[in-house]
Amino acid sequence: MASAPPVNGTAHHPGPSESSIAERVQLVDEDKTFRPELSGQIERWGLRDSGFNYNIVAVFGSQSTGKSTLLNRLFGTTFDVMDETRRQQTTKGIWMCRGKDMADFERKSALFSLASSEVLIVNMWEHQVGLYQGANMSLLKTVFEVNLGLFGKKSLDGYVIAVVGISTRVLIESTSPCPPSGRTLLLFVIRDHIGATPLANLQATLVADLNRIWDSLSKPEDLKDRRLSDYFDLAFTGLPHKILVPEKFESEVQRLRKRFTDKSDPDYVFKPAYHKRIPADGVAIYMQNIWEQVQSNKDLDLPTQQELLAQFRCDEISAGALAEFNEQAKSQKRPIEAGRVVDGLGALMKNWRTQALTRYDREASRYHKGVYTRKRADLASVIDQTLSPLFLGQLKNLHKQCLSTFKKDLLDGLKGEDYSFGEVVTKATKKVEDAYSTVAKEAFVEGTDWNWEDDLDLLKEETRGVADQCRKDETKKMVNQIERNVKKLVAEPVEIQLGKPSPQMWDGVLQTFSEVLAKAEATYLAKAKTFNCTDEENNHALASLKKRSWIALRSKIEEQTADQVLLGKLRAHFEEQFRYDEQGVPRVWKPEDDIDGAFKKAKEQTLELVPLYARIKPFDPSLEFELPEDSTDDLANEDFEFASSLVVLSETKCLDLINKFRRDADAYYVEAKRSTVSSIAQIPFWMYGVLVVLGWNEAMAVLFNPVYFTFLLFGLATAYMIIQLGLTGPLLQVTKTVAGEVQRQATVKLREALAQPETAQPVRSGRSRQGSYYEDEGRSETPEVAQS
């Protein structure tokens, strides 16, 4: 431990002075004995009453990597540094470096520093990054593993590591109290960083190595799920070459020093979370207990020479077997990634795995039993990790293939009319589940912790989802078909009932609709039995069918009550009442007939039909149709309201129809009045006598002339036959049509003749012109007088 004077050390110190020796203390000597001087040194530093206002940082790294130099530069300490000309180790025991040629001591001192310090600086050269031994990764693995066993249960908050060498450093800081924590910072200081490789790339390599080490740790059972980030925070920095660019080296050291001394620095390392929360006066006892716990741990002892040899050879044999295995496994990686289901993949993987392990067993089984067994388990784990993506990829591709097959089989089975939905789904489901199970079992490798049943359960869930969606689609399709049938069946009855308006008009409409709807619901329930629908789904579908059927009926009613259609119905009813008598015989109005009374009666009866059409209300209350307010349908109009659908014509629409009908009725009344005026101009009875007297000779000539009499008999016979055959009306119509056509053709010809230009006649006198003018004017007035 040391106080924190300003940084004023140099790169080389030829030998320690008495004052500098007094500023440092040896915690553990070369014989791995904890020294008792720490308590007195804390008193001399004036830290006994500091409470928690101190920080501890340790440095870790390979021999002669400049750990003492770095700490002297960063914190102004006085540790001995190496003479560049002699290149010999300067620090022994636990000061701030490791002991010479003491591997078990190196492990124990590293674990001690890790357990007692807040920040562990890992000091390493740039060229060591990525090297397992050069970067001390094997040592870190052992330290991490034992640290979990010794201290993992007590502190699960994490560590922050800064590695430079093994050394303990106390810094006086004004930290505020914080809850107890076990976190430590691992700060990697990469020396001689020339910048050819970006610091980010070096950081990625180190992080990957650390995670690999952590994943391979033999963790206690209750800590198996712990991650590196649960215990350690990682930080990284680089320092230029100390000899080649000393000025840049000193500048970067000062910047790194600021991270330890300036609390306002965003990268300040002495965060409250890292403090061990040991009062300064108890640090000596705490560290002594930590050392005793570390010292007694057998896992940090050096292995025997036999174990070292076994480790080397087993690693070498395992690497050879793994290389051959990787070459074999590579052949199936591309087909799996392309989405194919590889036939016989399980047999291939089992063969590759067996060959690799057999080769390892054949060559490594004669070495140390424990090492051989452990390395075999490691090799099997690596092999399984390589094969696992192939197995998972096979399952993924198989899953997609089976799901696609299920959808196709389901759609193919639902084609046509006569099918049982439940049978189609059951058959398709069993087919894909059997196919999946067969291929998945074949791909499974014994001795692994792989699992394919969970993915099968997921496939079953997805097929159920597809089947449910298909059932919903088929149900909607069936409801749509039934709805179309409902429309077809109610169309004609609605036209007939609305075409014969009466107080019982809506009774007929609703009676027919209820019967059609009952048949539609029965049809749905009969077909729905094969769909395995729940009662809730059936109730929802029936409510939807009921609502959509009512909307279809309402649409047909709107069609039959459109303005022009309804006006036509009103005119037809009025005409039937006004122009025909009770026996249905057309009326020929005479002057003595009560036209006004008949007109008023017919109009009032017709106007009474408008409120009848205005609202769907049956005469029999038992026929009233009800639709639940909560009935919903994804395809029906969401703005639909049943109460408002009962209103066919609004009050405004009724008034408009009444006004239009009255104008049409008035026209019928005027026409009837005109017909009575024309019938008044009849021929006097005495004229018939005059006709008989004047036409007597002509009649006798016809009767006594054989030719005329023959024609007369022929005409009478023809007339009798026409009357008997009921051809009077058609003959009159044909005659009327022919006469009309003759009249039209004559009119056309006459207009063509009159349109031709006349030859101008010379005018001889003014009187003649005036006389001609009056004559023409008189001729032009004559048709008007005759017409009027």
Side-chain angles (χ1 to χ4, degrees), residues 487 490-513 550-621 623-625 641-680:
K487 289 182 179 179
V490 302
E492 185 175 353
V494 169
E495 291 182 9
I496 294 173
Q497 293 294 336
L498 296 185
K500 297 178 180 180
S502 67
Q504 289 77 26
M505 174 180 66
W506 293 116
D507 295 60
V509 172
L510 295 178
Q511 178 67 33
T512 302
F513 175 73
W550 175 259
I551 292 175
L553 173 66
R554 188 66 175 78
S555 176
K556 186 62 180 180
I557 291 174
E558 288 181 356
E559 177 187 324
Q560 292 298 312
T561 56
D563 288 0
Q564 296 302 322
V565 177
L566 188 55
L567 280 174
K569 295 180 185 299
L570 295 178
R571 284 196 297 265
H573 184 271
F574 173 80
E575 190 172 357
E576 183 178 354
Q577 298 297 321
F578 182 63
R579 300 183 66 176
Y580 294 88
D581 57 17
E582 289 76 4
Q583 288 76 31
V585 178
R587 290 175 175 173
V588 178
W589 297 106
K590 300 176 181 178
E592 62 273 13
D593 291 338
D594 185 11
I595 298 178
D596 295 345
F599 171 76
K600 182 178 180 181
K601 180 181 179 182
K603 185 172 71 172
E604 290 176 351
Q605 290 179 349
T606 304
L607 292 177
E608 290 175 356
L609 300 179
V610 175
L612 184 63
Y613 278 109
R615 183 176 180 85
I616 303 175
K617 186 174 179 62
F619 188 79
D620 185 359
L623 295 176
E624 289 186 359
F625 181 79
E641 291 184 5
F642 176 72
S644 60
S645 69
L646 295 175
V647 179
V648 179
L649 303 175
S650 63
E651 294 183 3
T652 304
K653 180 65 69 176
C654 289
L655 292 176
D656 184 57
L657 287 171
I658 289 173
N659 292 331
K660 290 180 179 179
F661 167 72
R662 283 176 174 171
R663 288 194 292 270
D664 293 342
D666 292 344
Y668 284 114
Y669 175 78
V670 172
E671 181 183 354
K673 282 292 187 179
R674 285 180 177 175
S675 64
T676 57
V677 172
S678 60
S679 62
I680 294 176

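These numbers were taken from a predicted model, which means no experiment stands behind them.
Here Asp507 contributes atom CG and Phe619 contributes atom CZ; the two are 8.0 Å apart, rounded to the nearest 0.5 Å. Between atom CD of residue Gln511 and atom CD of residue Gln504 there is a gap of 13.0 Å, rounded to the nearest 0.5 Å.
For Lys487, the side-chain contact (heavy atoms from CB on, under 4.5 Å) partners two or more places apart in sequence, or in a different chain, are Glu483, Ala552. Checked against salt bridge (Lys or Arg N to Asp or Glu O under 4.0 Å), Asp664 has the following partners two or more places apart in sequence or in another chain: Arg571. In terms of the salt bridge (Lys or Arg N to Asp or Glu O under 4.0 Å) criterion, residue partners of Glu558 (sequence neighbours excluded) are, by chain and number, Arg554. Considering only residues two or more places apart in sequence or on other chains, Lys500 meets the salt bridge (Lys or Arg N to Asp or Glu O under 4.0 Å) condition with none of them. Legend: residues meeting salt bridge (Lys or Arg N to Asp or Glu O under 4.0 Å) with Arg662, ordered by chain and number and at least two apart, are absent.
Side-chain contact between Val565 and Lys569: present, with at least one pair of heavy atoms (C-beta onward) separated by less than 4.5 Å. Side-chain contact check for Leu553 versus Val509: some heavy-atom pair is nearer than 4.5 Å. Taking the side chain as every heavy atom from C-beta outward, Trp506 and Leu646 never approach each other to under 4.5 Å.
Nearest heavy-atom pair across Val610 and Leu649 is O-CD1, 4.3 Å. Considering all non-hydrogen atoms of both residues, Lys556 and Ala491 come closest at CE-O, 3.5 Å. Between Gln497 and Met505, the shortest heavy-atom contact is O-CG, 3.3 Å. Closest approach of Leu612 and Pro503 over heavy atoms only: CD2-N, 3.9 Å. The two residues Tyr613 and Val648 come nearest to each other via the heavy atoms O-CB, 3.3 Å.
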Donor-acceptor contacts, no H, no angles, side chain residues 650-661, under 3.5 Å, sequence neighbours left out:
residue, atom, partner, partner atom, Å
Ser650, OG, Lys653, N, 3.3
Lys653, NZ, Asp563, OD1, 3.4
Lys653, NZ, Asp563, OD2, 3.3
Asp656, OD2, Lys660, NZ, 3.4
Asn659, ND2, Leu655, O, 3.2

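Distance alone, capped at 3.5 Å, places no donor-acceptor pair between the Ser555 side chain and the Ile551 backbone.
Below 30°, between 30° and 60°, or above 60°: for Trp550 and Phe513 the angle between ring planes is above 60°, a perpendicular geometry.
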